[in-house]
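This report concerns only the one structure given below.
Throughout, residue positions are numbered sequentially from 1 according to the sequence presented. Indexing begins at 1, ligand by ligand and atom by atom, following the structure's order. No experiment lies behind these values; they were computed from the predicted model shown.
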Amino acid sequence: MNILLLGSGGREHALAWKLAQSRLLTETGDRLYAAPGNPGIAEHAELVALDATHHAAVVRFCQERRIALVVVGPEAPLVDGLADSLRAEGIPVFGPSQAAAQLEGSKGFTKDLCQRAGIPTAGYVRAASLDEARAALEGFSAPYVLKADGLAAGKGVVIAETRDEANEALAEMFGGQFGSAGAEVVIEEFMTGEEASFFALTDGASVLAFGSAQDHKRVGEGDTGPNTGGMGAYSPARVLTPLLEGEVLERIILPTVRAMADAGTPYSGVLFAGLMLTSEGPKLIEYNARFGDPECQVLMMRLEDDLGELLLACAENRLGTVPPVSLRDEVALTVVMAADGYPGTPAKGGAIDLGEAEAGGAKVFHAGTATANGQLIANGGRVLNVTATGNSVREAQQRAYAAVDAIEAPTLFCRRDIGWREVAREG
Ligand code: AMP
Ligand code: GLY
């Protein structure tokens, strides 16, 4: 059976690296295809030019190449219904239907579901117009949490310190700052606590825990400056103790999976829960319908199981027959090397020489790279994910930065403090 992986970032390079080791491919001589991929993914897969927004073309490719599993990396094709188009033709796909992907695609949808199912999350109001939103602000106190309802590439959340700032941000959202994603807005109660991410695989009925991670969203050291897609991550998130993890499963993940199934729109794929660990216990901040980027990179470094078999079992509704996911006990940590200017306008085209970065066991996942005349170059905001493992966060961190220092890339920068919270806790 051949496998098709969709996407082109560091998350997809980590998935490709792990899928290429799957018995489904190594014991059969079958192939891994990736679209559009990147130069790192090309080391493990045959790259094909397929446009994921063109569902008929993806279906045709799958039929012609006997694709028995499609793995969808990013959220946009899922929210766009690509998984439905594939399933309608009997092609197994790892990733939720359009209806189920609303868990990421509509913040209001998820808040309503949480309210119905009694899932702990911040109190909220949905507003469909500027007037409604401004009136709703009355019921909240500063800081105000304002969210565009739809997909806004991770930029649709504003935390406003004053009422004036909140009114201004709402005007921008309803004025089209985030396009149609901002046609509706969710206003939320502000939660305090430490953030952590938890991942679970589900086929709509059975659920398997897939580990935890923490990331660093701000561009600057000490978690300062503008938000990014994530400047680094590590797994496991030790703040999410086994006791808290059990609570997250029981009170957040399982009721969500049940509610989606009861509504006739079972959720199949990976459920990525962004959590706030509050003094009242873990609360849901948001769901994503895909693996995190760069959280996926650290999870894949720790995964002992055959990823292909796991994702296929999920796609074929056989997760109930699969033993618990096995992750190595070690810590994995990844440092994002981004192009100068990120998260604004990143400098493109800078030369990259990976040198001996992987000599000590580190793994360099490509995110925004390209090749020009045989030379690896920067071609995006987040460019490389330099990933290492160790017996502690400190050890994984030292190994990851040793690998970073072996890379020559004058137009790239990184934070030097990824994992600082955990390193401090390790003492
Ligand atoms: P989201 O895109 O929903 O994950 O939000 C992005 C970031 O905004 C989160 O990672 C949190 O740091 C912050 N955030 C979102 N919702 C809340 C909330 N209700 N209270 C406090 N912080 C929040
Ligand atoms: N790193 C956060 C995300 O993938 O949404």
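Among the atoms of Asp293, some N or O lies under 3.5 angstrom from an N or O of ligand 2. Of the polar atoms of Met276, none of the N or O atoms is found under 3.5 Å from an N or O of ligand 1, judged by distance alone. The shortest N/O to N/O separation between Gly230 and ligand 2 does not fall below 3.5 Å.
If you check which protein heavy atom lies closest to atom 5 (O) of ligand 2, you get Arg290 NH2, 2.9 Å.
Using the six-membered ring where Trp is involved, Trp420 and His216 have ring planes that are tilted, between 30° and 60° apart.
Side-chain contact of Asp149 with Ser106: a donor-acceptor pair under 3.5 Å is present, judged by distance alone. Checking Glu194 against Gln214 by side-chain atom types alone, a donor-acceptor pair falls below 3.5 Å. Between Asn385 and Gln297, the side chains place a donor N or O and an acceptor N or O closer than 3.5 Å (distance only, hydrogens not considered). Judged by distance alone, the side chains of Gln115 and Tyr124 do bring a donor and an acceptor atom under 3.5 Å apart. Between the side chains of Thr53 and Asp51, at least one donor-acceptor pair of N or O atoms lies under 3.5 Å. No hydrogens or angles considered: nothing links the side chains of Asn167 and Tyr144 as a donor-acceptor pair under 3.5 Å. Looking only at atom types and distance, the side chain of Thr256 has a donor-acceptor partner in the side chain of Tyr287 under 3.5 Å away.
Using a 4.0 Å cut-off between heavy atoms, Glu295 contacts ligand 2 through its side chain alone, with no backbone atom that close. Counting heavy atoms closer than 4.0 Å to ligand 1, residue Asn227 contributes nothing at all. Of all the heavy atoms of Glu286, none lies under 4.0 Å from any atom of ligand 2, so neither backbone nor side chain is involved. Neither the backbone nor the side chain of Phe291 has a heavy atom within less than 4.0 Å of ligand 2.
Ligand 2 places these atoms under 4.0 Å from at least one heavy atom of Gly292: 4 (O). Numbered from 1 in the order shown, with element, the atoms of ligand 1 that lie under 4.0 Å from a heavy atom of Ile285 read 3 (O), 4 (O), 15 (C), 16 (N). Applying the 4.0 Å criterion to heavy atoms of Lys107 picks out, from ligand 1, the atoms 2 (O), 3 (O). Against a heavy-atom cut-off of under 4.0 Å, Met191 is close to the following atoms of ligand 1: 18 (C), 19 (N), 20 (N), 21 (C). Every atom of ligand 1 with a heavy atom of Lys147 under 4.0 Å away is listed here by number and element: 3 (O), 15 (C), 16 (N). In the vicinity of Gly229, heavy-atom distances shorter than 4.0 Å reach the ligand 2 atoms 1 (N), 2 (C). The contact set between ligand 2 and Phe272, taken as ligand atoms under 4.0 Å from a residue heavy atom, comprises 3 (C), 4 (O), 5 (O). Residue Glu286 approaches ligand 1 through these ligand atoms, each under 4.0 Å from one of its heavy atoms: 1 (P), 2 (O), 3 (O), 4 (O). Remark: ligand 1 atoms within the under-4.0 Å shell around heavy atoms of Lys217 are 10 (O). Of all atoms in ligand 2, numbered sequentially from 1 with element shown, those under 4.0 Å from a heavy atom of Asp215 are 1 (N), 2 (C).
With atom 9 (C) of ligand 1 as the reference point, the heavy atom nearest to it among Lys283, Glu195, Glu189 is part of Glu195. Nearest-residue assignment for atom 8 (O) of ligand 1 (options Val157, Thr110, Leu146; heavy-atom criterion): Val157.
Within the structure, the closest approach of Ile159 to ligand 1 falls below 4.0 Å when heavy atoms are considered. Under a 4.0 Å heavy-atom criterion, Arg11 is not in contact with ligand 2.
Looking at Leu5 and Glu12, their side chains come closer than 4.5 Å, going by heavy atoms from C-beta outward.
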For side chain to side chain contact (heavy atoms under 4.5 Å, CB included), just list the numbers for Val158 and Glu165, CA-CA rounded to whole Å, side-chain angles, deciding distance to a tenth of an Å, and then say yes or no.
CA-CA 10 Å; Val158 172; Glu165 266 177 59; over 6 Å; no

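Exactly one residue among Lys363, His44, His366 makes a side chain to side chain donor-acceptor pair (under 3.5 Å) with His13. That residue is His44.
Here ring pair (Phe, Tyr, Trp, His ring centres under 6.0 Å) pairs that include residues 323-351, with residues two or more places apart or in two chains, number zero.
Ser85 pairs by the side-chain hydrogen bond (donor to acceptor under 3.5 Å, both in side chains) definition with His55, not counting sequence neighbours.
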